[in-house]
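Okay, so here's the structure we're looking at.
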Amino acid sequence: MAKVFRFGVSLDKDLLEKFDRLLNSKNYSNRSEAFRDLIRHELVEREWQQGKEVAGAITIIYDHHKRDILNKIMDMQHDFQKIIISTQHIHLDHNNCLEIIAVKGSPAEVRKLADTLKSIKGVKHGTLNMSTTGKEIK
Ligand code: NI
């Protein structure tokens with residue numbers, strides 16, 4: 001296990017109260033873990049900005065009855081197969097499908113795939129969950 005260092009943080013009362021309310025609302029058991037997560041969040045954002053290898057998930061919701069939509073979504077995933085790790089398809093109801101596409105690769109490629117899928121006619125909603133391979137953060 002990596003060596004743990006302790007250091008003091010000075011905050012004005014108002015900001016500390018806001019921080020405590022925030023960590024309570026997010027169910028953190030202590031300030032240290034909340035603080036560590038804030039740092040990790042910044043580090044992951046930086047990985048995306050710096051073009052390092054990242055990981056994430058794209059989710060899309062669509063009506064599979066819409067003309068050609070399945071072919072378009074399938075074609076797109078074949079075009080980007082180098083960055084797609086796996087795809088999960090869930091039939092939400094009679095019309096709607098939820099697809100979760102796990103990705104790993106350059107941020108530019110991942111964003112391009114997410115934007116392209118979202119722009120397909122008939123895709124009702126799409127999100128890109130920007131995460132990390134975990135190699136660069138502890
Ligand atoms: Ni379906």
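When a ligand or atom number is given, it counts from 1 through the structure's own listing order.
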Does [X] come within less than 4.0 Å of [Y], counting only side-chain N to carboxylate O?
| X | Y | result |
| --- | --- | --- |
| D14 | K18 | yes |
| D115 | K112 | no |
| E136 | R40 | no |

* Other hydrophobic cluster members with L22, side-chain heavy atoms of Ile/Leu/Val/Met/Phe/Trp/Tyr under 4.5 Å, chained? ->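 Other cluster members: none.
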* **Centroid separation H64 to H91 less than 6.0 Å** =>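 Ring centres of H91 and H64 not closer than 6.0 Å.
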* Atoms named by residue and atom, protein N, O or S, within reach of the Ni ion (ligand 1) (under 2.8 Å) ->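 Under 2.8 Å from the Ni ion (ligand 1) - ignoring waters, which are not counted - the protein N, O or S atoms are H89 NE2, H91 ND1, C97 SG.
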* Of K13, K26, R31, which is the lone residue that meets salt bridge (charged side-chain N to carboxylate O under 4.0 Å, His left out) with D20? -> R31
